[in-house]
Structures are given as structure tokens and as C-alpha cells.
Amino acid sequence: MIRHKLLLLGMTETDDFEKADFILFNTCAIRENAENHLYGELGQVKGIALRRKDLFVAISGCVMQEEKPVRYVLNHFPFVSLVFGTNNIDAFYDLLEESIKAHATYVDVRSQPTALVESPEEDTNGRTSRYTAFVDIAYGCDKFCTYCIVPYTRGKERSRKKEDILDEVRFLKEKGYRQVTLLGQNVDSYGKDFGDKYAFADLLEAVAQTGIERIRFTTPYPSDFNDQVFDVMAKYDNVMPSLHLPMQSGSDAVLKRMNRRYTRKEYLDIVHSLRERLPDVYLTTDIIVGFPGETDEDFKQTLSLCEEAHFDGAFTFLFSSRPGTPASRMKDDTPEDVKHERFDRLKDLIDKLSEEKAKTMVNTIQEVLFESVSRKDPSRISGYDRHGKLVHVKGDVSLIGQIRKVRILESHTYSLVGEIVND
């Protein structure tokens with residue numbers, strides 16, 4: 001959104017700090033190393049800012065909703081011109097004007113959000129792709145998982161109005177976009193602040209009925225799911241058969257300490273319900289290794305759940321303590337070498353499961369939306385099939401933006417190689 005606003009001011013982008021007149025750091029508080037990365041980047045900019053008094057440096061995002069990082073920035077990086085959080089992004093132009101007038105660091109971090117944007121963007125120049133777009137459906141989080149800082153920095157869950165979301169999707173479709181991804185911290189909680197627990201299923205169906213060619217959504221919260229969502233996924237061909245369903249742990253004891261609001265059995269029941277309706281669904285997850293108090297038995301339960309759910313991929317993380325969260329105050333006496341050994345065992349299992357699924361796709365025909373030139377091989381064009389699997393083919397840039405049938409020739413752990421099938 002901020003990038004879009006800057007482009008509307010007539011600015012152009014550069015990757016070179018030395019050439020920039022305006023530098024904006026957009027931060028995320030979910031993991032602590034992201035905060036440390038910000039300080040490192042500010043250190044690189046410091047020398048430039050001391051030489052160029054006209055350089056404007058701003059910091060936004062949910063890290064700036066925390067008092068400690070804001071104080072650190074003010075004390076160590078006085079050249080920063082503007083600091084603001086997630087709850088006043090819509091007031092960006094006013095903040096920019098006020099900070100220029102102030103001739104000093106201007107800080108505006110609000111604990112309560114301003115009104116949500118209720119209309120689609122009038123221009124698509126702020127989008128990073130001409131063919132795929134993210135559409136926010138809700139903001140904030142009410143779950144308060146003990147390891148997570150998000151509810152403290154992004155506020156309570158707030159849903160956008162259904163018609164405003166649909167207007168944005170229709171607008172994107174008219175502009176030639178082929179895929180939208182519905183976004184929210186917990187997308188399947190959508191509408192509960194309106195008092196409607198089935199609102200997300202209704203919204204997903206309405207988006208499907210716009211006729212846009214591909215629909216994805218992320219990230220859902222397991223216990224907020226209901227079978228109506230899976231019914232919609234099975235009913236509409238333009239809702240992609242892929243789901244990212246964060247598990248975090250396979251142990252009930254660890255899930256309880258995490259304040260995750262489901263049990264191992266309840267999670268598996270959701271997986272079985274999903275696979276009954278969509279047998280070919282591509283299922284991925286998030287898993288935290290080494291959460292405070294995790295025992296060998298707890299970890300074994302995580303491994304066994306992975307095998308029973310038969311995940312097609314997973315984002316795996318070593319527990320990273322975030323100051324200000326309840327988990328940061330929990331006793332953690334598991335040696336680091338034990339945590340790393342568990343992490344490696346989990347990664348090996350996920351790789352094995354991913355390879356098994358990838359091999360079943362060889363010699364099949366998949367529909368792929370091509371998005372870019374391959375970073376590793378300029379002679380290849382890359383895109384994603386309906387399941388969200390990365391596919392590479394030999395081709396030129398004319399393929400970008402097209403949905404083409406591809407015969408899969410090779411499988412790799414996290415990508416596929418194929419050839420275009422000419423109808």
C-alpha cells in the first residue's frame with residue numbers, strides 16, 4: 001500500500017541506497033532477527049544520511065508498534081525522519097507532510113487502527129505483478145499464541161466489508177489479473193467480528209463467482225475452519241486445491257503451552273475432512289521446533305503427525321523468543337544441540353514427504369501460471385501449478401502472464417521441470 005502511494009507521488013524505484021532520495025523500511029515483528037536485520041540496514045544507511053542532509057528515511061510496520069525498538073531507533077539513528085506503525089498507514093500522506101514540517105524525527109505510532117480502506121485501488125501501478133495480486137480481507141489477530149507478538153502490534157481482528165473486497169477483485173479481473181490471494185492473519189476468522197462464523201466460506205464462494213481464474217488464501221487458523229469452506233474449494237474449479245494449515249506442534253502439551261486452540265486429534269480431523277473433499281489437495285504447514293519445555297516425546301508426536309497428515313511441504317523454524325511474549329518468560333532448559341538435531345530430523349522427514357509427492361507428478365499434465373524468468377537459468381520461465389508447486393520450462397518472456405498446460409518431466413524436492421504442451 002505504501003509503495004503504491006509513493007509511486008502515485010511520481011517517485012521511481014531503485015535498489016541502490018546511494019541513488020535514493022527516500023528510503024522506507026517496512027518491518028515485521030514476528031521474528032526477532034527481523035528487528036536485528038533492520039538495525040543492520042540502518043547502519044548501512046547511516047553514512048549516506050550523514051553526507052546527504054536531504055535524504056528522507058522512514059520506518060513503518062509492526063516492529064514500530066513496540067516501545068523498545070522505537071526508543072532504540074531514536075537513540076541510535078537520529079537521521080530517521082519518520083516512524084509510524086501498522087495502525088495509521090492510511091494517513092501516510094499526512095504523516096509525510098508533518099514530518100517534513102517538523103525538521104526532526106516525527107513519530108506517530110497509534111495503538112488503535114484508523115478506518116479500514118473500503119474501496120479498491122484506483123490504479124494497479126503499486127502492485128508488484130501484473131498478473132497476480134494480494135487482496136487483504138482482514139487485519140489484526142485475537143488469538144494470542146504465547147510465542148507471537150502480532151496481536152500486540154497489529155491490534156484486534158477487523159474484517160473488511162464483503163462488497164469492498166469483491167469490488168477490488170472485480171477491478172483486478174478487469175485489469176487483466178489472473179490470480180488473487182486473499183490475505184489475513186487468520187483468514188478463516190473473517191467476519192466473526194460481524195457475528196458470522198460462516199462468513200469466510202460465503203466470501204470465498206462470492207470471490208469464486210466473480211470468474212477470476214485463480215483464487216488462493218492464506219493464512220487460516222485450524223480451529224476456525226468449517227466444512228463449508230472445504231465444500232466451496234471442492235465446488236469451484238478456480239479455487240486452487242492447495243492449503244497452508246499451520247500446525248506448529250504435534251503434541252497436545254506443547255500446543256497448550258503455545259495457547260493454540262486445538263488438539264492433535266482436532267487438527268487431524270480437519271485434515272481428514274479436507275482430504276475427503278479434495279483428495280489431491282496440496283497441504284503445507286508451519287512447525288516450530290524447540291518450544292520451551294518440548295520433550296523428546298513431544299517431538300516424536302510432531303514427527304508422527306507429519307507422517308499421518310502426509311504434508312507436501314512445511315516451513316520449519318527453530319523457536320525464536322520474542323521479548324514481550326509469554327513464551328519469552330517460560331523456562332527453556334533444552335540444550336541447543338538437541339534442538340538443532342531435532343530440527344534436522346524434521347527437515348529430513350519433510351523433504352522425504354515432499355519428494356514422494358513430487359515423483360507422483362512426473363508424466364502428468366499440469367496447468368501453470370507463468371510469472372517470471374528463472375533466477376538460476378535465464379532460458380527458463382517459472383510459474384506455479386494449481387497446487388502451488390513451482391514449475392520451470394524452457395521458454396521466453398512471452399509466456400509470462402499465460403496459463404499453459406505443462407507435461408512434468410522431472411521432479412525435485414520443491415520444484416518441477418516440464419515442457420509446454422501445445423493443444
**Student:** Any heavy-atom pair between the side chains of L42 and L38 that's under 4.5 Å?
**Tutor:**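 Counting from C-beta outward, L38 and L42 do come under 4.5 Å.
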
**Student:** Counting only N and O atoms by type, is there a donor-acceptor contact under 3.5 Å from the side chain of E41 to the main-chain atoms of H37?
**Tutor:**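 Absent.
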
**Student:** Which heavy atom of S60 sits nearest a heavy atom of T27, and at what distance?
**Tutor:**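 Taking every non-hydrogen atom into account, O-OG1, 2.7 Å.
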
**Student:** Determine the interplanar angle of the F77 and F79 rings, folded into 0 to 90°, and report it as parallel if under 30°, tilted if 30 to 60°, perpendicular if over 60°.
**Tutor:** perpendicular

**Student:** Measure the CZ-NZ distance between R158 and K156 for me, rounded to the nearest 0.5 Å.
**Tutor:** 10.0 Å

**Student:** Less than 6.0 angstrom from the centroid, inside 45 degrees of the normal: does K143 satisfy that with respect to the ring of Y221?
**Tutor:** yes

**Student:** Before we go on, tell me: are the rings of F370 and Y384 under 6.0 Å apart, centre to centre?
**Tutor:** no

**Student:** Can you tell me if K394 has over 12 outside heavy atoms packed within less than 6.0 Å of its NZ?
**Tutor:** yes

**Student:** Carefully, step by step, assess T302 and I287 under the rule side-chain contact (heavy atoms from CB on, under 4.5 Å).
**Tutor:** CA-CA 8 Å; T302 293; I287 304 170; 3.8 Å; yes

**Student:** Verify salt bridge (Lys or Arg N to Asp or Glu O under 4.0 Å) between E213 and R178, making sure each step is shown before the conclusion.
**Tutor:** CA-CA 5 Å; E213 291 170 277; R178 313 198 74 173; 2.7 Å; yes

**Student:** Looking at R160 and D136, is there a salt bridge between them, counting it only when a charged N and a carboxylate O are closer than 4.0 Å?
**Tutor:** no

**Student:** Do the charged groups of R380 and D377 touch, with an N to O distance under 4.0 Å?
**Tutor:**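 Salt bridge present between R380 and D377.
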
**Student:** Are L318 and H340 close enough that some pair of their side-chain heavy atoms sits under 4.5 Å apart?
**Tutor:** yes

**Student:** Is the side chain of S242 donor-acceptor paired with the backbone N or O of G388 at a distance under 3.5 Å, no angle test?
**Tutor:**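 Checking the backbone N and O of G388 against the side chain of S242, no donor-acceptor pair under 3.5 Å is found.
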
**Student:** Determine yes or no for a side-chain-to-main-chain donor-acceptor pair under 3.5 angstrom, with S415 supplying the side chain and H412 the backbone.
**Tutor:** no

**Student:** Please determine whether salt bridge (Lys or Arg N to Asp or Glu O under 4.0 Å) holds for the pair K192 and D142, giving the CA-CA distance in whole Å, both sets of side-chain angles, and the decisive distance to 0.1 Å.
**Tutor:** CA-CA 11 Å; K192 290 190 175 182; D142 293 345; over 6 Å; no

**Student:** Spell out, as yes or no, whether a donor-acceptor pair under 3.5 Å connects the side chain of R52 to the backbone of E18.
**Tutor:** yes

**Student:** Using 0.5 Å steps for rounding, measure from the CD atom of Q248 to the CD1 atom of I288.
**Tutor:**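 Rounded to the nearest 0.5 Å, the CD-CD1 separation comes out at 4.0 Å.
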
**Student:** Check this for me, if you would: do R257 and E294 make a salt bridge, where the nitrogen-to-carboxylate-oxygen distance has to be below 4.0 angstrom?
**Tutor:**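 Answer for the salt bridge query: no.
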
**Student:** So which atom in A234 and which in L278 form the shortest heavy-atom distance, rounded to 0.1 Å?
**Tutor:**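 So the two residues come closest at CA-CD2, 3.9 Å.
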
**Student:** Of all heavy-atom pairs between N186 and C141, which one has the smallest distance, and what is that distance?
**Tutor:**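 So the minimum-distance heavy-atom pair works out to ND2-SG, 3.3 Å.
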
**Student:** Which distance, rounded to the nearest 0.5 Å, do you find between the OG1 of T218 and the CG of L243?
**Tutor:** 8.5 Å

**Student:** How about Y414: does its OH atom have over 12 heavy atoms from other parts shown lying under 6.0 Å from it?
**Tutor:** yes

**Student:** Looking at T263, is its backbone amide N or carbonyl O close enough to the side chain of E266 to form a donor-acceptor pair, meaning the two atoms are under 3.5 Å apart?
**Tutor:**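 Indeed, once roles are kept as given, a pair shorter than 3.5 Å links the two residues.
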
**Student:** What pair of heavy atoms forms the shortest contact from C306 to L349, and how long is it?
**Tutor:**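 Taking every non-hydrogen atom into account, CB-CD2, 3.9 Å.
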
**Student:** Quick test of your reading of the model: are D312 and K357 salt-bridged, counting only N-O distances below 4.0 Å?
**Tutor:** yes

**Student:** Check whether S273 reaches the backbone of I270 with its side chain - one donor and one acceptor, N or O, closer than 3.5 Å.
**Tutor:** no

**Student:** Examine H244 together with F217 and report whether their ring centres are nearer than 6.0 Å.
**Tutor:**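 No - the distance between ring centres of H244 and F217 does not fall below the 6.0 Å cut-off.
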
**Student:** Y267 side chain to L245 main-chain N or O, any donor-acceptor pair under 3.5 Å?
**Tutor:** yes

**Student:** Under 4.0 Å between a Lys/Arg side-chain N and an Asp/Glu carboxylate O for D237 and R386?
**Tutor:**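 Salt bridge: yes.
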
**Student:** Over all heavy atoms of both residues, which pair between R264 and E308 is shortest? Give the atoms and the distance, please.
**Tutor:** NH2-OE1, 4.4 Å

**Student:** Are the aromatic rings of Y39 and Y72 close, with centres under 6.0 Å apart?
**Tutor:** yes

**Student:** Does D348 pair with R345 as a salt bridge, N-O distance under 4.0 Å?
**Tutor:** no

**Student:** Heavy-atom count check: over 12 atoms from other residues, nucleotides or ligands less than 6.0 Å from D15 CG?
**Tutor:**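 Incorrect, the count does not exceed 12.
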
**Student:** Between R407 and E419, is the closest basic N to carboxylate O distance under 4.0 Å?
**Tutor:**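 Salt bridge present between E419 and R407.
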
**Student:** May I ask you to say whether E355 pairs ionically with K359, meaning some side-chain N is under 4.0 Å from a carboxylate O?
**Tutor:**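 Looking at K359 together with E355, the answer is no, because their closest N to O distance does not fall below 4.0 Å.
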
**Student:** Taking atom CZ of F291 and atom OG of S251, what is their separation to the nearest 0.5 Å?
**Tutor:** 11.0 Å

**Student:** How many angstroms lie between CG in L346 and CZ in F299, if you round to the nearest 0.5 Å?
**Tutor:**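 Taking CG in L346 and CZ in F299, the distance rounds to 5.0 Å.
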
**Student:** Looking at CE of M258 and CZ of F319, how far apart are the two atoms once the value is rounded to the nearest 0.5 Å?
**Tutor:**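 Rounded to the nearest 0.5 Å, the CE-CZ separation comes out at 8.0 Å.
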
**Student:** Could you tell me whether D252 and K256 have a side-chain N and a carboxylate O separated by less than 4.0 Å?
**Tutor:** no

**Student:** May I ask you to check whether Y177 and Y131 place their ring centres under 6.0 Å from each other?
**Tutor:** no

**Student:** Sequence neighbours excluded, which residues qualify as ring-ring contact (aromatic ring centres under 6.0 Å, His included) partners of Y282?
**Tutor:**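 With neighbours one apart ignored, the set is empty.
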
**Student:** For F315, I'd like to know if atom CZ has over 12 heavy atoms of other residues, nucleotides or ligands within 6.0 Å.
**Tutor:** no

**Student:** If you look at every heavy atom in D396 and I381, which pair is closest and at what distance?
**Tutor:**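 In this case the closest contact between D396 and I381 is O-CG1, 3.3 Å.
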
**Student:** Less than 6.0 Å separating the ring centroids of F225 and F200?
**Tutor:** no

**Student:** Using the benzene-type ring in the case of Trp, are the ring centres of F92 and F84 under 6.0 Å apart?
**Tutor:**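 So the answer is yes for these two rings.
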
**Student:** One pair to check against salt bridge (Lys or Arg N to Asp or Glu O under 4.0 Å): R170 and D167. What are the steps and the verdict?
**Tutor:** CA-CA 5 Å; R170 295 185 192 107; D167 284 346; 3.0 Å; yes

**Student:** Does D224 form a salt bridge (Lys or Arg N to Asp or Glu O under 4.0 Å) with R261? I'd like the steps, not just the answer.
**Tutor:** CA-CA 9 Å; D224 284 333; R261 304 178 188 187; over 6 Å; no

